[in-house]
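Worksheet: one structure, shown below.
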Amino acid sequence: MNEDSSLASNPWTVMPAKRTHTCGSLRKSDAGSAVVLHGWVHRRRDHGGLIFIDLRDRYGLTQVTLDPNVSVEAHDAASGIRNEYVISVQGTVRERPSGTANANMATGAIEVIAGGITILNVSKTPPFNVNEDVAVDEGLRLKFRYLDLRRASLRDAIVQRHRLIKRMRDFLDERDFLEIETPILTASTPEGARDFLVPARLSPGEFFALPQAPQQFKQLLMVAGMDRYFQVARCFRDEDTRSDRQPEFTQLDLEMAFVDEADVMGTIEAMLIDVFGACTPKRIQSIPFPAVTYADAMERYGCDRPDLRFGLELVDVTGLLGASGFGVFRAASSSGGRIKAIVVPGGAAWSRREVDALTELARSFGAKGLATAAIGADGIRSPFRQHVGDEVMASLVASTRAGLGDLIAIVADTAVVVNATLSRLRDHLGAKLGLADPNVLSLAWVVAFPLLERDEERGAWTFTHNPFCAPKDSEVPLLETDPGAALSKQYDLICNGFEIGGGSVRIHVRALQERVFALMGYGKAEVQALFGTMLDAFEYGAPPHGGIALGLDRIVAILAGASSIRDAIAFPKNQTARDLLMGAPSPVAARQLTELGIQVQTGPAISSSSASAPPGG
RNA sequence: GGUCCCGUGGUGCAGCGGUCUAGCAUACGUCCCUGUCAAGGAUGAGAUCGCGGGUUCGAAUCCCGUCGGGACCGCCA
């Protein structure tokens, strides 16, 4: 009866003998030992006479064998045991009889012959199978997160996360970094993401903001002489989620004084080589990490965080096709757009249906269409061949280096659309063609970002990284003549198509920081009000400094082979930023609001979004 | 704010206008079974197909709306 949770059947006062081993530790050399194991019933195989129980804890699985000839009581007790019951087993380790060892289990050479079993707690039939790693509805997984965390893949990711962070801490500690906590209740700063706000009861009408990152604090720590700082920092941004974005997430935040870009990058590179070497069987593709400029990345891959595990580089064919007789190409070229191609290896053999699907995909990514040319043994098959002529077709094949059997896919549009479409098509092809080795980590730096970009809404310059990022020394004069062309001391770290870190050498001189703010359209008074504290601090001997923040959730997700950072976080939120486990956010008592001086606007939108009933309830 | 995908016994899937009184696997109950490890065998129970409306002689199936989950665009220094 798994519903039977009566007090009599739950001997909670009886904590049996302390466990002597975990369920992952026993080996052949332990044969003969008397042991006590505690754990959850992973699976039970009842042969009538013999009963086998795979006992699970977070360390592994151990087979417990119940033989009525050894203990009738234990065997009888095991008959009533069901999956996910918590039990204690007292028994003897025995090498398994020849022919019955299980090479797939770490403990497969032995079994525990049970002399006694104590049920520590019963379990209802779980809402999904804990003992297998099949896909389950995300909502259900989040609602029963404590059961999901028992499953192997999620449990392993959480364990790996701990090991990774522990190793990072040790590495940085050995190099004189101090881990320093910074406030969670802090001040709202403009720009960047939307803040989460916390009402300040003692200052009615005013609010704290949760930090989007400890940016200013870590720079102030440099001014304070803390020299080398890091923190495993929770960050909060009230923006829409993605599979790689949660409203709260964790960064390894780091800052160093008296450094240039190479110092920070070198430190991080050394740390990651050490950490990944210890924490994952995956192989780093190339050491030292290659560096690619932002401009180069956009040109060759169409995005600033390309997956470098495979080639499939984009080729600019604007010059070649822009003047041709094909209207689509001419239009894109003459209106200042671009024409770029990607070569699909073996794509000439694709069926009409497959090529159509690729075109449809390109449309869904924003392109108006996809022009293709198949390089077959009997010649080039292409809808636009007749419009451009054989000579241009031959040049196209040559410049894209397409070979026999390949398919050339071309997008002609604005540079933004071309790059966005082809970079996503490239990712799609990498996956479809199996080019992205899951056992490889293609770590690389992206450098030479522009300092500023045009904010069309405000009609001013805005920062591409953060407002404290320094321009390259040689580029400072450009701030006066051509701000958009100035390159910065920013560096991003990418891995397998994700941005896993970003940082920069900062501005540490008040005058330069004020000049950059001026370019962004802030008046002096405004700057003083918003960033005065830090600018004032800069006047008391701010050392040159720079730092970086690594996205730990993303790194863990990559190592775990997860497609979402939800699978790297113990208690994540869903796509609509709700915590389905605890039922947050939720309405609060009227009295709480009164105390805070807050009046909640009621309306259809408000009341419907505050309904916190979980699905299936 | 927008686009797209998915909601069918506890779970995972199939069915996509009548043959569905809804199929399969697994989980669950009972029984048999002493070397299994996704144990095996027998048997039983369990779903008005997320919800509401519409089209139709007839809807799990088509349409609209809504709710829930997910992917993406915008957004995210």
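Chain letters run A, B, ... following the sequence lines, proteins first, then strands; residues in each count from 1. All figures in this text were calculated on a predicted structure; none of them were measured in a lab. FYI, side chains are in, hydrogens and waters are out, and symmetry mates aren't considered; it's all heavy atoms of this structure.
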Tell me what A:Val136 touches on the nucleic acid: a base, only sugar-phosphate, or nothing, going by heavy atoms under 4.0 Å. sugar-phosphate
Look at A:Gln575 and B:A71 and indicate whether a side-chain polar atom (N or O) is within less than 4.0 Å of OP1 or OP2. yes
Taking any heavy-atom pair under 4.0 Å as a contact, classify A:Thr100: base, sugar-phosphate, or nothing. base
Of the listed B:A27, B:U34, B:A71, the closest approach to the A:Thr125 side chain comes from B:A27
Using the rule salt bridge (charged side-chain N to carboxylate O under 4.0 Å, His left out), only one of A:Lys124, A:Arg150, A:Arg44, A:Arg43 pairs with A:Glu84; which is it? A:Arg150
Using the side-chain heavy atoms of A:Arg96, tell me which of these nucleotides is nearest: B:C72, B:G12, B:C37. B:C37
Using a 4.0 Å heavy-atom cut-off, does A:Asp54 contact any base of the nucleic acid, only the sugar-phosphate backbone, or nothing at all? sugar-phosphate
Applying the 3.5 Å cut-off to both distances, the Watson-Crick or G-U partner of B:C4 turns out to be B:G70
Contacts under 3.5 Å, N or O only, protein and nucleotides 40-51 of chain B:
none

Below 3.5 Å, does any donor atom in the side chain of A:Arg566 face an acceptor in the base of B:G70, or the other way round? no
For A:Glu132 and B:G10, give me the distance from atom CD to atom C1', rounded to whole Å. 12 Å
Working for ring pair (Phe, Tyr, Trp, His ring centres under 6.0 Å), residues A:Phe52 and A:His47: CA-CA 8 Å; A:Phe52 299 101; A:His47 288 232; 5.4 Å; yes
CD of A:Glu453 versus C1' of B:C75: gap in Å, rounded? 13 Å
What's the gap between B:G15 and B:G53 when it is taken at their P atoms, as a whole Å value? 27 Å
Does any nucleotide pair with B:U56 by Watson-Crick or G-U wobble geometry, both distances under 3.5 Å, and what is it? none
Does B:C72 have its OP1 or OP2 closer than 4.0 Å to a side-chain nitrogen or oxygen of A:Ser364? no
Once you apply a heavy-atom cut-off of 4.0 Å, does A:Arg424 come out as touching a base, just sugar-phosphate, or nothing? sugar-phosphate
Base, sugar-phosphate alone, or nothing: which one does A:Thr241 contact when heavy atoms must sit under 4.0 Å apart? nothing
Report which part of the nucleic acid A:Ala101 touches: base, sugar-phosphate, or nothing (heavy-atom distance under 4.0 Å, all strands). base
Are A:Arg554 and A:Asp244 within salt-bridge range, i.e. N to O under 4.0 Å? yes
Round to a whole Å and report the spacing from CG of A:Leu140 to P of B:G9. 12 Å
Mind checking A:Pro467 for me? I need base, sugar-phosphate or nothing, with any heavy atom below 4.0 Å counting as a touch. base
State the pairing partner of B:G10; accept Watson-Crick or G-U wobble contacts with both distances under 3.5 Å, and report none otherwise. B:U26
Is the phosphate of B:G69, meaning OP1 or OP2, less than 4.0 Å from a side-chain N or O of A:Asn574? yes
Would you indicate what A:Ala213 reaches in the nucleic acid, counting non-hydrogen atoms under 4.0 angstrom: base, sugar-phosphate, or nothing? base
Could you work out which one of B:U36, B:A38, B:C76 sits closest to the side chain of A:Arg43? B:A38
Using the C1' atom in both, what is the distance from B:C13 to B:U55, to the nearest Å? 29 Å
Any chance the side chains of A:Glu138 and A:Asn574 put a donor and an acceptor closer than 3.5 Å? no
Counting any heavy atom closer than 4.0 Å, what does A:Arg363 reach on the DNA or RNA strands: base, sugar-phosphate only, or nothing? nothing
Indicate whether any N or O donor in one side chain lies under 3.5 Å from an N or O acceptor in the other, for A:Thr241 and A:Gln575. no
For A:Gln63 and B:A39, what is the distance between atoms CD and P respectively, to the nearest whole Å? 11 Å
OP1, OP2 of B:A39 versus side-chain N and O of A:Arg45: anything below 4.0 Å? yes
Round to a whole Å and report the spacing from CZ of A:Arg44 to C1' of B:A27. 13 Å
Pairing partner (Watson-Crick or G-U wobble, both distances under 3.5 angstrom) of B:C31: B:G41
